[in-house]
Amino acid sequence: MARFEHTVTVAALDRHWFEEAAGAVVDLFEGSREQGGAILLPDGRPIHGLRLLKGRHLQPGARYGEAPEEDGKPGAPGAPVASGPAGAPVVREATVLRDWRPSRTVEVESLMSEESLAVRVGVRLREPRTPRALEVSLDGHNPKGGSLYRFSGRAGADLHAWWAALDRPSSAPPAARAPVVGRAVHRLAKARITVTPRPADDGSWQVSVVLSVRGRWLLRPVAAVALVLVRKPVERGFREGVDSAAEEWAGMLAELPSLHGEALRAQIADELTAP
């Protein structure tokens with residue numbers, strides 16, 4: 001087994017602002033309605049790029065996308081709703097609502113397929129108005145390939161545990177249990193990643209990311225030898241990936257509005273309806 005660890009320092013996200021923003025988004029969708037396929041916010045403005053293709057709005061099984069669902073046209077079952085330049089693979093996408101209970105659980109499933117790849121991504125948010133936990137699942141395969149072309153992954157973020165870890169004194173040791181855990185599985189190998197935050201003295205966050213990789217079945221010895229040979233480039237790539245994620249986090253925080261109450265709700269509505 002190979003183990004890689006890297007720690008970065010990132011700016012903190014205000015918990016109260018995060019939960020207020022999450023609640024505002026849920027309330028806007030809860031108050032929305034469908035009209036002619038368009039999804040209208042409570043003020044009557046349509047959400048840009050989102051249309052109801054099948055089913056009833058905010059009911060389990062409702063299918064959403066970017067185009068009306070009409071036989072023989074983009075958006076119809078099996079028809080492409082997105083494609084690249086001439087000669088590029090046709091990509092089919094859809095988002096299905098699996099559960100909508102704003103006080104308990106919101107769950108969606110995104111499906112994407114092209115000639116050589118089919119991917120399903122599931123996202124479940126618990127207690128979405130003041131998010132308690134986030135669960136993500138990923139399954140993919142090549143429709144024309146065998147088991148070597150299949151992969152899957154699962155990740156969970158205990159948001160209450162995340163905030164609790166950041167409420168500890170900066171001198172305290174890191175939380176014994178990582179609030180964020182992800183696992184990926186392939187026929188040849190499996191990986192586990194954990195993310196653990198702790199507060200820094202200046203109010204920022206120190207986030208430690210640990211990646212463990214190991215071979216599966218009879219390939220464990222082969223994988224062990226291979227990891228020895230490529231350990232340095234793999235470790236370098238892992239560190240660069242974590243550093244890049246930290247930079248993206250900083251950019252995202254810089255773009256978040258420092259608003260509250262109705263001003264924040266209005267800003268979110270503007271973002272949802274902007275082209």
Side-chain angles (χ1 to χ4, degrees), residues 7-8 10-30 32 47 50 58 60 62 64 93-112 119-140 151-168 174-185 190-199 205-212 241-242 244-253 255-257 264-265 268 271-272:
T7 299
V8 292
V10 300
L13 172 65
D14 181 76
R15 176 179 184 177
H16 299 294
W17 183 93
F18 169 72
E19 293 183 343
E20 183 181 1
V25 171
V26 172
D27 288 343
L28 284 170
F29 275 93
E30 177 71 359
S32 67
I47 297 177
L50 183 66
L58 296 184
Y64 298 88
E93 300 177 358
T95 298
V96 180
L97 182 66
R98 296 302 182 192
D99 195 2
W100 179 263
R101 292 177 293 169
S103 61
R104 298 182 61 184
T105 307
V106 171
E107 182 177 358
V108 298
E109 181 179 82
S110 294
L111 310 170
M112 185 277 288
V119 177
R120 182 193 67 81
V121 179
V123 178
R124 177 184 295 170
L125 185 61
R126 298 188 182 278
E127 299 183 19
R129 282 198 171 95
T130 54
R132 179 181 182 87
L134 176 66
E135 301 168 11
V136 180
S137 62
L138 170 68
D139 293 281
F151 58 89
S152 64
R154 301 289 185 274
D158 184 334
L159 299 179
H160 280 202
W162 178 276
W163 299 118
L166 292 165
D167 284 339
R168 297 157 63 95
R177 182 178 179 182
V180 180
V181 179
R183 294 178 175 83
V185 178
K190 59 183 179 180
R192 182 177 186 268
I193 190 168
T194 63
V195 183
T196 306
R198 61 184 301 181
W205 296 349
Q206 290 183 339
V207 181
S208 296
V209 185
V210 178
L211 172 66
S212 303
V242 175
S244 177
E247 292 175 1
E248 292 181 6
W249 173 265
M252 182 195 70
L253 285 188
E255 295 178 358
L256 293 179
L264 175 60
R265 179 187 174 94
I268 293 173
E271 293 293 334
L272 289 173

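Sorted by first then second residue, the side chain to side chain donor-acceptor pair (under 3.5 Å) pairs that include residues 159-168, not counting sequence neighbours, are Arg132-His160.
A pairwise comparison of heavy atoms in Pro128 and Ala22 identifies O-CB, 3.7 Å as the closest pair. Of all non-hydrogen atoms in Ser152 and Arg154, the two that sit nearest each other are CB-NH1, 4.2 Å. Listed here is the closest heavy atom pair of Ala12 and Trp205: CB-NE1, 3.1 Å. Nearest approach of Val195 to Pro197, heavy atoms of both residues: O-CD, 4.2 Å. Across all non-hydrogen atoms, the minimal contact from Trp100 to Leu58 is CB-O, 3.8 Å. Closest non-hydrogen pair, Arg198 versus Leu166, comes out as C-CD2, 3.8 Å.
Between Leu211 and Val242, the closest side-chain pair of non-hydrogen atoms is not below 4.5 Å. Looking at heavy atoms from C-beta onward, Ser208 lies out of side-chain contact with Gln206 at the 4.5 angstrom threshold. Here the side chains of Val106 and Phe29 are not in contact, with every heavy-atom distance at 4.5 Å or above. In this structure, Pro102 and Arg129 have side chains that are in contact, with non-hydrogen atoms separated by less than 4.5 Å.
Here Arg98 does not pair with Glu107 in a salt bridge; the nearest charged N to carboxylate O distance is not below 4.0 Å.
Here the CZ atom belonging to Arg104 is positioned 8.5 Å from the CG atom belonging to Asp99, to the nearest 0.5 angstrom. Atom CD in Glu19 sits 5.5 Å away from atom OG1 in Thr130 (nearest 0.5 Å). Distance check, rounded to the nearest 0.5 Å: CG of Asp158 to CG of Leu134 gives 11.0 Å. Between the CD atom in Glu127 and the CG atom in Leu159 there is a gap of 10.5 Å [rounded to 0.5 Å]. Distance check, rounded to the nearest 0.5 Å: CZ of Arg265 to CG of Leu28 gives 4.5 Å. Atom CD of Glu248 is separated from atom CG of Leu253 by 12.0 Å, given to the nearest 0.5 angstrom.
The number of heavy-atom neighbours closer than 6.0 Å to CZ of Arg177, taken from other residues, nucleotides and ligands shown, is 12 or below.
In this structure, Ser244 contributes its side chain and Gly241 its backbone to no donor-acceptor pair below 3.5 Å.
Residues passing the ring pair (Phe, Tyr, Trp, His ring centres under 6.0 Å) test with Tyr64, sequence neighbours excluded: His57.
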(request) Decide side-chain contact (heavy atoms from CB on, under 4.5 Å) for Ser137 and Glu109; before the verdict, give the C-alpha distance in whole Å, the side-chain angles of both, and the deciding distance to 0.1 Å. (result) CA-CA 9 Å; Ser137 62; Glu109 181 179 82; over 6 Å; no

(request) Run the numbers on Val136 and Leu138 for side-chain contact (heavy atoms from CB on, under 4.5 Å), then give the verdict. (result) CA-CA 7 Å; Val136 180; Leu138 170 68; 5.7 Å; no

